[in-house]
Amino acid sequence: MKKVEAIVRAERMPIVKEKLRQMGIGGMTISTVSGWSKQRELHLQWRGQPVAYDLLPRVKFEIVVPDEQTDKVVQTVIESARTGEHGDGVVFVSTIEQAFNIATLDKGEKVII
């Protein structure tokens, strides 16, 4: 099993979520997060004065999938979150050794399927 973590622009969240739902992804966790990357700051103007925001609002998706679905999930997230501008986000993939369902006591891939 793999865990796909994707940090994307907040305004792209509904699109990414719907594409993953259409793929048949059984569950996901979505969190509101903030942070910075290489870009570091967003420079805007407020009432005519320059303002720099160093923590930008983002949305984080956490999805655990069978190994064979990993590439498709990553590609779907990238295609639906990408605008071509700096700050589109990042995707991380890590290995999940074990998973347990607390209610049913199922373990392994049965938990996510």
Side-chain angles (χ1 to χ4, degrees):
M1 292 179 293
K2 301 291 184 191
K3 181 178 184 181
V4 177
E5 295 178 86
I7 301 171
V8 302
R9 295 174 182 265
E11 64 269 17
R12 303 300 288 183
M13 186 269 292
I15 298 164
V16 174
K17 182 179 74 171
E18 186 55 34
K19 293 290 184 181
L20 291 168
R21 183 177 289 157
Q22 289 172 3
M23 279 185 63
I25 296 301
M28 66 184 89
T29 300
I30 302 172
S31 307
T32 302
V33 297
S34 61
W36 75 76
S37 63
K38 294 180 210 171
Q39 187 180 0
R40 295 283 188 230
E41 294 180 344
L42 176 65
H43 296 278
L44 301 172
Q45 286 202 357
W46 187 70
R47 294 189 180 191
Q49 299 297 315
V51 178
Y53 293 97
D54 63 345
L55 292 176
L56 302 176
R58 295 289 183 257
V59 174
K60 181 178 181 181
F61 286 84
E62 296 177 76
I63 310 144
V64 178
V65 294
D67 291 343
E68 58 273 5
Q69 275 192 309
T70 304
D71 291 339
K72 180 74 172 148
V73 168
V74 169
Q75 192 62 35
T76 298
V77 169
I78 290 171
E79 288 173 1
S80 52
R82 188 169 191 275
T83 67
E85 300 292 323
H86 288 289
D88 275 349
V90 64
V91 177
F92 301 102
V93 178
S94 55
T95 301
I96 299 295
E97 292 186 26
Q98 294 185 20
F100 300 90
N101 183 309
I102 295 170
T104 64
L105 301 179
D106 285 340
K107 61 182 178 179
E109 285 193 11
K110 283 196 231 178
V111 172
I112 60 172
I113 296 178

Check your understanding: Under a 4.5 Å side-chain heavy-atom rule over Ile, Leu, Val, Met, Phe, Trp and Tyr, are Val91 and Val8 clustered together?
Key -> yes

Review point. Any luck finding a side-chain donor-acceptor pair between Lys2 and Ser94 under 3.5 Å?
Key: no

Point to revise | Side chains of Lys19 and Glu79 in contact at under 4.5 Å (non-hydrogen atoms) | key: no

Check your understanding: Going hydrophobic residue to hydrophobic residue with side-chain gaps under 4.5 angstrom, can you get from Ile96 over to Val65?
Key -> no

Review point. Hey, are the side chains of Phe61 and Val77 touching, using non-hydrogen atoms and a 4.5 Å cut-off?
Key: no

Check your understanding: Transitively linked via ILVMFWY side-chain contacts under 4.5 Å: Val33 with Val90?
Key -> yes

Review point. Which value, rounded to the nearest 0.5 Å, describes the distance between Ile7 atom CD1 and Leu56 atom CG?
Key: 12.0 Å

Study note, to complete from the structure: For Arg58 and Gly87, the nearest pair of non-hydrogen atoms, with its separation, is NH2-O, 3.2 Å

Check your understanding: Shared ILVMFWY cluster between Ile78 and Met13, side chains joined below 4.5 angstrom?
Key -> yes

Point to revise | Least distance between heavy atoms, Asp67 atom then Met1 atom | key: OD1-N, 3.0 Å

Exercise for review: Answer yes if Val59 and Val93 sit in the same cluster of Ile, Leu, Val, Met, Phe, Trp and Tyr residues linked by side chain heavy atoms under 4.5 Å apart, and no otherwise.
Suggested key: yes

Check your understanding: CD1 of Ile25 to CD1 of Ile112: how many Å apart, nearest 0.5 Å?
Key -> 8.5 Å

Review point. Taking the side chain as C-beta and beyond, is there a heavy-atom pair between Asn101 and Lys110 under 4.5 Å?
Key: no

Exercise for review: Would you confirm whether Arg82, through its side chain, and Asp88, through its main-chain N or O, come within 3.5 Å as a donor-acceptor pair?
Suggested key: no

**Study point:** Trace of the side chain to side chain contact (heavy atoms under 4.5 Å, CB included) decision for Lys107 with Gln98
**Key:** CA-CA 7 Å; Lys107 61 182 178 179; Gln98 294 185 20; over 6 Å; no

Point to revise | Nearest heavy-atom neighbours spanning Ile63 and Gly27 | key: CG2-O, 4.0 Å

Study note, to complete from the structure: Output for pair (Thr83 OG1, Arg9 CZ), nearest 0.5 Å, gives 4.0 Å

Point to revise | Flag side-chain contact, heavy atom, 4.5 Å: Phe92 against Lys3 | key: no

Check your understanding: Could you give the distance from OG (Ser80) to CD (Gln75), rounded to the nearest 0.5 Å?
Key -> 9.5 Å

Point to revise | Check: Asp106 side chain, Val111 main-chain N or O, donor-acceptor pair, under 3.5 Å | key: no

